[in-house]
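Scroll down for the structure; my scribbles are underneath it.
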Amino acid sequence: MAVRTISNNCIKLVKHFEGCRLTAYRDEVGVWTIGYGITNADKKITGVTIKRGLKISQKTADKWLYESLIRKYLPLVMKYDNIYHFSQRKVDALVSFCYNIGSIDQLTNRGKRTRKELGDKMLLYNKAGGRVYKGLTRRRKSERNLYYNGKVVFYE
């Protein structure tokens with residue numbers, strides 16, 4: 001039977017690496033953000049405009065994250081399921097990756113890479129603005145471990 005959802009492993013991974021802020025703030029590039037990295041690009045999910053002064057509860061942050069993962073990022077991963085027939089652990093790892101990157105199109109080379117190549121190439125996505133970031137390196141290692149081993153491990 002095909003995987004159609006995410007598990008707690010995906011949520012645990014995303015929460016760990018995103019962190020949660022219950023008051024709106026501007027991210028590194030000036031985008032208003034709240035919760036676990038939710039922005040105005042997620043307005044269909046939140047129904048509100050994220051701006052200075054907005055505060056939310058932990059329950060709202062958790063709900064918005066879950067809805068975003070299920071409604072926005074899971075479909076981006078599952079569009080390749082007919083090629084890869086992903087297991088639950090692979091879906092969880094790829095949805096976390098997709099939440100951070102915004103897509104898996106480049107990782108999959110639009111469906112032309114093997115499942116093994118997807119796992120191996122994940123580690124290459126540890127840069128922002130051409131610079132290697134330690135946090136992204138740790139995240140990619142954790143996602144890769146989940147992808148191959150089905151376990152959530154946080155690297156230092």
Side-chain angles (χ1 to χ4, degrees), residues 3-81 84 86 88-111 113 118-119 121-147 152-156:
V3 174
R4 304 209 187 287
T5 192
I6 57 169
S7 80
N8 285 333
N9 284 337
C10 177
I11 295 167
K12 188 187 306 183
L13 204 59
V14 172
K15 282 184 170 184
H16 177 81
F17 286 106
E18 292 293 331
C20 184
R21 292 176 63 180
L22 301 178
T23 301
Y25 65 96
R26 288 189 188 260
D27 70 6
E28 308 81 39
V29 294
V31 175
W32 283 106
T33 307
I34 200 163
Y36 296 99
I38 299 293
T39 67
N40 285 314
D42 302 303
K43 194 166 184 169
K44 286 183 181 175
I45 291 161
T46 66
V48 301
T49 299
I50 298 163
K51 59 186 177 187
R52 180 188 318 272
L54 179 65
K55 294 181 188 221
I56 60 172
S57 67
Q58 185 64 54
K59 184 177 178 181
T60 297
D62 291 342
K63 179 179 184 270
W64 286 355
L65 172 64
Y66 181 78
E67 289 296 319
S68 183
L69 291 170
I70 291 292
R71 292 172 45 193
K72 190 173 178 182
Y73 296 99
L74 179 63
L76 297 177
V77 170
M78 296 311 290
K79 76 180 182 181
Y80 291 105
D81 191 52
Y84 295 108
F86 295 126
Q88 184 66 59
R89 69 179 187 234
K90 286 179 173 42
V91 167
D92 289 336
L94 291 168
V95 170
S96 174
F97 178 93
C98 193
Y99 188 84
N100 183 238
I101 301 290
S103 171
I104 66 163
D105 293 342
Q106 189 177 6
L107 178 66
T108 66
N109 192 19
R110 303 219 184 280
R113 291 194 171 121
L118 299 187
K121 299 248 181 226
M122 276 182 174
L123 298 179
L124 300 176
Y125 292 81
N126 65 344
K127 298 172 192 74
R131 277 186 50 212
V132 171
Y133 281 84
K134 198 171 175 181
L136 288 176
T137 299
R138 288 193 313 267
R139 183 175 187 150
R140 297 291 97 86
K141 283 179 164 180
S142 292
E143 289 165 344
R144 185 173 185 264
N145 189 71
L146 179 57
Y147 184 88
V152 176
V153 176
F154 299 117
Y155 295 91
E156 293 306 316

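Both backbone and side-chain heavy atoms feed into the values below; hydrogens, waters and symmetry mates do not. Note that the structure is predicted; figures quoted are calculated from it, not measured.
- Although no hydrogens or angles enter the test, the distance criterion places a donor-acceptor pair under 3.5 Å between the side chain of Asn40 and the main chain of Ile50.
- Between Lys79 and Asp105, some side-chain heavy-atom pair lies under the 4.5 Å cut-off.
- The backbone N or O of Val132 lies less than 3.5 Å from no partner atom in the side chain of Asn126, so there is not a single donor-acceptor pair.
- Shown here for Cys10 and Val95, the closest heavy-atom pair between the two residues is SG-CG1, 3.7 Å.
- Rounding to the nearest 0.5 Å gives a distance of 7.5 Å between CE of Met78 and CZ of Phe86.
- The shortest side-chain heavy-atom distance between Leu65 and Lys15 falls under the 4.5 Å cut-off.
- Rounded to the nearest 0.5 angstrom, Thr23 OG1 and Ile34 CD1 are separated by 6.5 Å.
- Counting all heavy atoms, side chain and backbone alike, Ser142 lies closest to Leu13 at CB-CD1, 3.6 Å.
- In this structure, Asp81 CG and Arg4 CZ are separated by 8.0 Å, a value rounded to the nearest 0.5 Å.
- A salt bridge links Glu18 with Arg139: the distance from a Lys NZ or Arg NE/NH1/NH2 to an Asp or Glu carboxylate oxygen falls below 4.0 Å.
- For Arg71 (side chain) and Lys44 (main-chain N/O), a donor-acceptor pair under 3.5 Å exists by modelled atom type.
- For the pair Leu146/Ser96, no side-chain contact is recorded, criterion being any heavy-atom separation below 4.5 Å from C-beta on.
- Taken from CG in Leu69 to CG in Leu74, the straight-line distance is 8.5 Å, to the nearest 0.5 Å.
- To the nearest 0.5 angstrom, Thr60 atom OG1 is 9.5 Å from Leu54 atom CG.
- Of all heavy-atom pairs between Thr108 and Tyr84, the closest is O-OH, 3.6 Å.
- Counting only heavy atoms from C-beta outward, the side chains of Arg140 and Ile101 approach each other to under 4.5 Å.
- Side-chain N or O atoms of Arg21 include none that pairs as donor or acceptor with a backbone N or O of Gly35 at under 3.5 Å.
- Annotation for Lys12: atom NZ does not count as buried by contact number, only 12 or fewer foreign heavy atoms lying within 6.0 Å.
- Atom NZ of Lys141 has 12 or fewer neighbouring heavy atoms from other residues, nucleotides or ligands inside a 6.0 Å radius.
- Rounded to the nearest 0.5 Å, atoms SG (Cys98) and CD (Glu143) are 10.0 Å apart.
- Scanning for side-chain contact (heavy atoms from CB on, under 4.5 Å) contacts around Tyr133 gives Ala128, Arg131, Leu136, with sequence neighbours left out.
- Listed by first and then second residue, the side-chain hydrogen bond (donor to acceptor under 3.5 Å, both in side chains) pairs that reach into residues 46-56 are Lys43-Thr49, sequence neighbours excluded.
- In plain terms, the two heavy atoms of Trp64 and Ile45 that are nearest each other are O-CG2, 4.0 Å.
- Exactly one residue among Phe17, Tyr125, Tyr73 makes a ring pair (Phe, Tyr, Trp, His ring centres under 6.0 Å) with Phe97. That residue is Tyr125.
- When every heavy atom of Gly19 is checked against every heavy atom of Tyr36, the shortest pair comes out as O-CD2, 3.1 Å.
- The closest side-chain heavy-atom distance from Arg138 to Phe154 is not below 4.5 Å.
- The two residues Ile104 and Leu76 make their nearest non-hydrogen contact at CG1-O, 3.9 Å.
- Distance alone, capped at 3.5 Å, places no donor-acceptor pair between the Asp62 side chain and the Lys59 backbone.
- Looking at Arg144, its side chain does come within 3.5 Å of a backbone N or O of Gly119 through a donor-acceptor pair.
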Exercise for review: Evaluate side-chain contact (heavy atoms from CB on, under 4.5 Å) for Arg89 paired with Tyr147, printing each intermediate quantity in order.
Suggested key: CA-CA 5 Å; Arg89 69 179 187 234; Tyr147 184 88; over 6 Å; no
